[in-house]
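Residue numbers begin at 1 in each chain, while the letters A, B, ... track the order of the sequences.
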Number of protein chains: 4
Amino acid sequence: MSIFAHPPSSLNPGPMVRPAARALDADASALIEAFGRVRAQTLALVLGLTAEDCAMQSMPDASPAKWHLAHTTWFFEVFALERFEKNFTPYHAGFRVLFNSYYNGVGDKHLRAERGLVSRPGLTTILEYRRNVETRIHALFADSAARTPAENAELAEIITLGFEHEQQHQELLLTDLKHLFSRNPLAPSYRQGWPLVAQTYASREWLPISGGLVAIGADAEGFAFDNERPRHPVFVAPFEIASTPVTCGDVLAFIDDDGYRRPELWLSLGWDTVKREGWQAPLYWQRDRDATGTGWRMFTLRGLADVGADVPAAHLSYFEAEAIARWSGARLPTEFEWELAASDQPIEGNFLENRVFHPIALSSLPAPGEPAQLFGDVWEWTQSAYLPYPGYRIAEGAIGEYNGKFMSQQMVLRGGSCATPRQHLRTSYRNFFPPEARWQFSGARLARDVVR
Amino acid sequence: MSIFAHPPSSLNPGPMVRPAARALDADASALIEAFGRVRAQTLALVLGLTAEDCAMQSMPDASPAKWHLAHTTWFFEVFALERFEKNFTPYHAGFRVLFNSYYNGVGDKHLRAERGLVSRPGLTTILEYRRNVETRIHALFADSAARTPAENAELAEIITLGFEHEQQHQELLLTDLKHLFSRNPLAPSYRQGWPLVAQTYASREWLPISGGLVAIGADAEGFAFDNERPRHPVFVAPFEIASTPVTCGDVLAFIDDDGYRRPELWLSLGWDTVKREGWQAPLYWQRDRDATGTGWRMFTLRGLADVGADVPAAHLSYFEAEAIARWSGARLPTEFEWELAASDQPIEGNFLENRVFHPIALSSLPAPGEPAQLFGDVWEWTQSAYLPYPGYRIAEGAIGEYNGKFMSQQMVLRGGSCATPRQHLRTSYRNFFPPEARWQFSGARLARDVVR
Amino acid sequence: MSIFAHPPSSLNPGPMVRPAARALDADASALIEAFGRVRAQTLALVLGLTAEDCAMQSMPDASPAKWHLAHTTWFFEVFALERFEKNFTPYHAGFRVLFNSYYNGVGDKHLRAERGLVSRPGLTTILEYRRNVETRIHALFADSAARTPAENAELAEIITLGFEHEQQHQELLLTDLKHLFSRNPLAPSYRQGWPLVAQTYASREWLPISGGLVAIGADAEGFAFDNERPRHPVFVAPFEIASTPVTCGDVLAFIDDDGYRRPELWLSLGWDTVKREGWQAPLYWQRDRDATGTGWRMFTLRGLADVGADVPAAHLSYFEAEAIARWSGARLPTEFEWELAASDQPIEGNFLENRVFHPIALSSLPAPGEPAQLFGDVWEWTQSAYLPYPGYRIAEGAIGEYNGKFMSQQMVLRGGSCATPRQHLRTSYRNFFPPEARWQFSGARLARDVVR
Amino acid sequence: MSIFAHPPSSLNPGPMVRPAARALDADASALIEAFGRVRAQTLALVLGLTAEDCAMQSMPDASPAKWHLAHTTWFFEVFALERFEKNFTPYHAGFRVLFNSYYNGVGDKHLRAERGLVSRPGLTTILEYRRNVETRIHALFADSAARTPAENAELAEIITLGFEHEQQHQELLLTDLKHLFSRNPLAPSYRQGWPLVAQTYASREWLPISGGLVAIGADAEGFAFDNERPRHPVFVAPFEIASTPVTCGDVLAFIDDDGYRRPELWLSLGWDTVKREGWQAPLYWQRDRDATGTGWRMFTLRGLADVGADVPAAHLSYFEAEAIARWSGARLPTEFEWELAASDQPIEGNFLENRVFHPIALSSLPAPGEPAQLFGDVWEWTQSAYLPYPGYRIAEGAIGEYNGKFMSQQMVLRGGSCATPRQHLRTSYRNFFPPEARWQFSGARLARDVVR
């Protein structure tokens with residue numbers, strides 16, 4: 001039985017349905033390699049952080065880095081070791097509750113909002129916990145002869161799910177850390193150095209897409225989360241999509257045109273939020289003297305930086321993305337339009353592996369007629385509500401307890417960000433957050449109807 | 001210029017797009033008749049209410065009956081008289097602000113949550129205000145020769161919009177009054193008498209619908225709100241829909257099966273709401289000894305009544321509707337499925353004109369293979385988020401300020417209720433409320449996939 | 001058994017201890033006369049109000065006028081009729097709960113915050129309820145021969161307590177109505193006419209009081225609430241007290257000196273409140289052009305009026321009174337200092353019976369060396385917390401459930417206001433409210449230490 | 001100029017008035033010794049804590065241990081070094097804001113509620129900051145010849161104030177840490193070992209005190225906070241005081257007698273708090289099987305422990321203390337009664353220096369007629385509101401900004417606790433907290449009137 005557990009308002013939730021059967025008995029080496037690589041990648045992310053950096057929680061939606069380190073390990077302990085290890089003994093009796101995210105079937109859970117009040121176990125212990133569980137997982141790998149082929153297939157499925165899950169938490173670890181550092185008046189940097197690269201930029205084009213009855217979603221082969229399935233027909237009218245995402249320059253123009261003060265540009269709930277929260281710019285922007293005269297600087301994982309006009313805008317809520325689109329005389333694409341536009345594009349871009357940790361402007365011009373930066377840099381809000389695909393079915397057993405339970409009051413984002421591991425992404429990947437969420441690397445790309 | 005103004009989280013919002021041109025110069029009699037009929041219908045609803053009944057507001061989402069009486073009159077004064085009356089003088093200078101609902105273009109608005117703190121003007125004055133404006137509207141009707149044909153067409157459009165708007169407020173007046181009376185420990189009745197009719201009931205059938213690429217939405221002829229347009233193709237997979245709505249008997253079974261205590265049956269936000277609000281049954285149900293042994297009674301506009309097993313369940317939130325569907329091994333239909341299933345059905349049922357003011361069980365069996373109670377009795381939650389149809393465009397001018405501004409975080413309901421005027425409804429009509437709203441006559445009908 | 005019931009944060013609570021024994025058998029005529037006069041005085045206060053005016057509740061701390069009319073009647077029904085009437089039958093079975101304020105011993109209570117949601121019974125019914133209970137009380141008076149002398153004494157005690165209680169609600173009825181009317185954008189007037197009188201004003205003097213070991217509190221004779229007892233010695237150091245209260249002119253000077261923007265003038269909690277509530281002036285003041293150039297007008301029971309410099313300032317919180325005192329280089333008196341200063345003064349001034357319903361400036365100069373306006377006009381905040389006097393004892397029985405239960409987190413006010421019935425007041429009378437309360441006619445008088 | 005800065009709702013605030021002039025030129029050795037001892041005592045308290053333990057904040061009222069370490073150092077840097085050091089350069093430019101508690105005169109302050117979001121500077125840096133400032137203070141000591149006698153006296157005053165201030169934070173460091181550890185499901189221990197000592201207990205006696213006109217407060221000699229002055233006469237009636245504090249056994253009896261479920265035992269606000277917070281026992285008590293059959297265990301700085309019947313009860317709110325007193329047929333003493341009862345007692349007891357960190361039962365019987373445990377173990381709530389003594393005057397200059405600013409809505413506690421440094425306490429010492437606060441070592445002692 002495989003289980004996928006993750007934070008409520010966050011990256012893609014569902015357990016996989018029919019994953020690629022990377023069976024241990026046939027060729028386990030790819031699986032073992034991937035497991036090792038993802039685990040090492042997580043550790044690399046906390047390099048240079050102090051125990052105090054890893055322990056704090058700056059808001060209920062975010063978790064301490066230490067918790068991410070532990071929870072992704074808990075996942076392997078509870079779902080792989082507990083299931084397959086002979087004479088299983090937990091590493092620590094209290095961890096089962098302490099590092100459970102939201103899975104009622106596993107039992108009690110520690111209060112989400114109090115994850116930052118757990119000074120003990122300390123970071124050192126959690127790192128030891130990681131090593132301990134990894135060693136025992138490797139022992140399972142080595143012992144494949146003791147299991148039936150079906151059991152080995154099940155184990156492969158759980159391990160695959162485990163590292164896909166861990167990759168999601170890699171992104172969250174970064175966005176949560178960024179939020180924490182942003183609350184420190186001394187504005188610490190996670191990584192040094194800015195600007196990152198010399199930059200050029202293409203002018204924006206409107207790219208026509210002809211639409212029609214098209215297939216949307218992941219097909220039955222390979223790993224995908226269940227919310228990407230089943231692949232199904234959707235009728236899409238002809239539309240145009242912008243070749244590049246909304247940039248900081250666009251946002252500056254929106255601000256200068258009083259965008260944050262004009263109710264007619266906003267959804268009613270969006271306007272309520274603007275007033276209640278006092279929004280005047282995207283999250284992490286602050287009024288400041290800067291080198292380029294914009295009057296704004298922004299907090300990044302590399303410290304405070306100027307707002308580069310050509311840099312894709314990040315940390316927008318859906319409400320802001322929608323208002324900027326309306327102000328532009330355009331709209332956001334549906335997730336179907338987005339997937340259609342992306343369907344023949346390579347999955348390339350500024351991902352986690354770049355180690356830039358911020359969206360960047362293009363370094364070379366895209367080919368005319370081609371979209372740029374669909375993948376990486378920023379997640380792109382769509383105007384689609386996060387709802388089940390037609391024919392989506394609730395899985396049997398414990399998985400079924402959670403399938404789709406988050407399909408309410410959230411909007412779909414597509415394309416991955418500068419904090420998403422490259423291997424984690426698919427064209428059909430559906431990320432989702434509530435419309436007011438801003439602490440992810442969330443941006444926008446415009447679309448518009450074909451005027452007939 | 002025509003404007004449609006109504007409460008934020010409520011019945012259908014948009015101004016009409018290309019309404020039926022009931023031009024005054026051609027044949028104004030139908031228009032005049034409809035105006036008079038709707039206005040009289042509103043007055044009939046407050047018959048028997050005291051000035052105190054009409055003055056109170058029981059929650060921010062609801063408004064006093066007096067406010068509904070005034071606001072629907074304000075609509076005609078501001079948009080028809082102010083535009084067309086020679087030497088226009090407002091009935092009262094303060095009313096422009098006091099009875100503006102949410103239209104920023106008209107100027108300031110009185111605080112929505114404080115509508116129940118306005119003891120003066122009293123009911124008598126408001127009734128006089130209604131008569132005054134009606135008299136002046138009739139004077140406009142009589143004076144059509146003073147206007148150009150285009151102006152007469154514009155006036156006809158505004159009058160039409162005005163009474164469509166007033167019909168929406170008729171329903172709200174009833175649901176708001178019900179909520180108010182329910183807060184009174186003495187449980188007053190709006191109308192006397194229960195049970196209403198002798199009742200029988202059909203067993204529920206699953207009706208197959210073949211689906212395909214179908215046209216959804218209102219076509220260009222006749223009056224419709226802009227959110228029903230444009231008519232557009234949608235691909236619908238084959239599905240089955242229940243012949244009858246979810247009944248109180250179904251809800252009782254859900255309760256008896258611990259439905260309100262099992263998180264696995266609920267969306268995550270739904271379960272949060274159940275716990276936070278302490279929900280144990282639909283709104284207005286209370287634990288009580290009753291004649292039929294259910295252990296529950298319910299507050300109705302006819303006082304406290306037994307819970308009839310065959311009566312369509314009302315006052316369900318989307319969360320409850322969705323949970324009951326999941327518990328039933330089914331799901332809610334999309335709004336497209338609903339519209340497809342209803343497309344060849346007559347718009348008949350238990351509407352406002354019945355003067356029952358509560359859903360009732362069928363009094364005769366439906367024909368085999370035919371759906372029953374699609375229209376009237378209860379609005380039926382769909383699993384579709386309230387979003388713009390493809391090609392929906394923001395209107396020019398003041399209307400555009402509000403078009404679609406409520407298309408966020410709400411779910412679509414279809415079919416009208418026992419508080420909806422019959423003439424107000426269309427098959428393409430989209431009502432919408434947030435998923436936790438329960439004070440409308442909101443219920444559910446189940447659907448399911450065709451297992452392939 | 002005598003009971004005193006009243007709203008939690010309001011006028012003096014306690015039941016009387018050993019009231020003047022106005023025994024029915026000896027000379028009942030004074031008692032009967034007082035009963036009739038107080039009941040009539042209440043009715044006179046609602047003259048000219050509509051049913052809607054009397055039905056609404058503008059905040060949880062306030063109650064509808066209709067509720068005050070009913071609750072003061074409920075008091076006589078529950079504590080006098082239920083105790084002494086033969087074959088007692090309640091006027092309405094539901095009223096026992098509906099009009100209970102906070103007395104757990106009597107049983108359930110209707111939710112305080114929902115008193116404004118009870119449209120039925122209407123005002124007409126409540127007035128009939130009043131007449132009915134009065135008639136039955138008079139029947140008790142007539143039937144004194146049927147009771148023992150002890151029973152007659154007990155009845156006299158209850159009747160006395162009942163009309164003292166009703167007088168407190170007379171003041172609350174006015175302050176609650178004022179708050180309601182202030183929320184109406186049309187700013188209705190309770191009574192017409194302003195300014196009220198031609199005015200003159202004395203310059204303020206500092207009056208020396210020598211202090212010493214003095215007796216504070218009510219002595220054992222006559223009616224007094226238990227919180228005024230026992231009379232006890234308090235050592236008071238020499239001090240000076242201002243001859244006149246803080247005026248609107250003082251408040252204007254405080255505002256002009258940025259008083260509402262300087263944290264150093266405020267108690268820490270006061271400053272938090274200023275910021276949270278956005279206070280910039282006393283309650284009911286609004287920025288407006290006025291005839292005298294102050295830039296402020298104020299809402300009164302006689303409509304909007306200019307802010308007269310010589311008028312005692314009302315609707316100050318304790319925090320504002322304390323800040324104004326600090327800014328003046330003075331302080332508030334203790335309640336002991338206040339009582340000492342007032343001990344040889346006649347209880348004269350601008351009380352409810354004046355029918356002015358607002359503080360007014362003096363119409364003639366006080367004698368030199370004499371304090372003015374100690375009584376009437378505005379309640380004066382003291383710097384004494386509302387705590388039991390030494391030797392205060394919890395009464396036996398049902399009364400004891402409530403004695404002193406409000407002696408926490410409130411400050412004492414002294415002297416009565418323009419909404420207090422003259423006969424209700426005593427020099428030892430202790431009123432009390434939380435330090436942030438402003439909707440009473442609450443003002444201040446300064447004191448200072450004798451510099452040695 | 002001397003400044004005293006401390007958390008809003010906490011230990012004694014005011015700057016000293018005329019402290020003991022421990023002038024540097026005369027005999028500086030005592031001052032230097034005291035400075036070194038207090039600083040070392042603070043460091044000893046964090047021995048054994050991890051960086052993570054020291055970084056977290058479990059509620060807005062509490063602060064991280066690291067913050068206490070830094071703020072007490074900031075105090076010396078800002079008020080001593082900045083004033084007297086030649087060529088003063090701050091240790092870190094950002095610390096002036098980051099470690100300012102609430103002193104507006106010094107400039108901006110970091111948000112109190114976000115003290116737990118500052119991972120950098122880390123503990124190591126803060127310990128270095130402490131050493132750096134100490135070294136520079138010692139350099140000031142050594143350089144007394146460079147200053148005038150008046151300057152040396154001023155420096156001595158500041159240093160004295162600084163370590164008195166630091167002692168207050170020693171207590172807060174412990175109570176804040178206890179609260180943090182209590183939120184950790186693994187229930188870590190600060191120190192090991194329980195029970196602490198073999199215990200015996202005296203039966204409780206009522207000790208008569210004759211009262212009269214007595215002098216209260218600190219006299220003009222020696223160090224005291226300004227809220228303890230001036231010494232002034234108060235008339236105290238004869239009363240009796242309990243020889244021992246309220247114990248856990250008393251609380252258990254109160255619980256068993258349904259004390260937490262009977263509104264008649266509570267102040268009205270207290271009962272509101274009981275219901276809102278769901279209180280069923282003192283803070284840190286949890287229902288559990290224990291060795292002695294009470295059904296309760298309690299979280300302590302030494303881990304979970306049985307509830308010893310003879311141990312003084314801690315972590316009571318004022319509301320609980322008052323309710324337990326009422327239930328006992330007694331009351332709390334006033335702060336004047338308490339001071340009178342303690343006036344001839346030695347300041348001995350279970351203080352911080354004991355390193356027990358929890359109240360303990362007596363180890364030997366007190367002499368008959370003598371009170372026990374007046375000092376140490378638990379702070380004792382009095383029924384006196386925290387208000388200025390008569391003649392209390394606002395100081396000149398920056399001090400004056402804050403004198404008395406917390407004298408509102410708090411109650412006085414007396415006697416010190418197991419977390420109070422012995423040298424810090426005086427008989428006249430007034431501690432104060434809001435009536436709902438429970439995270440201090442706050443308990444109670446009963447008093448009663450002499451029945452005449």
What one should report as the nearest heavy-atom pair of Leu267(D) and Ser408(C) is CD1-CB, 3.8 Å

Check Leu213(D) against Phe235(C) and note the closest heavy-atom contact, atom names and distance. CD1-CB, 3.7 Å

So what's closer than 4.5 Å to chain C heavy atoms on [X]: side chain, backbone, both or neither?
X: Leu387(D); result: side chain
X: Glu322(D); result: neither
X: Phe319(D); result: side chain

Please flag which part of Glu337(C) lies under 4.5 Å from any non-hydrogen atom of chain D: side chain, backbone, both or neither. neither

Just so I know, are the side chains of Arg331(D) and Pro388(C) near enough to count as touching, which here means a heavy-atom distance under 4.5 Å? no

Let me confirm one number: the NZ-CZ distance from Lys405(D) to Arg326(C), rounded to the nearest 0.5 Å. 9.5 Å

Gln409(D) side, atom CD; Met411(C) side, atom CE - distance, nearest 0.5 Å: 7.5 Å

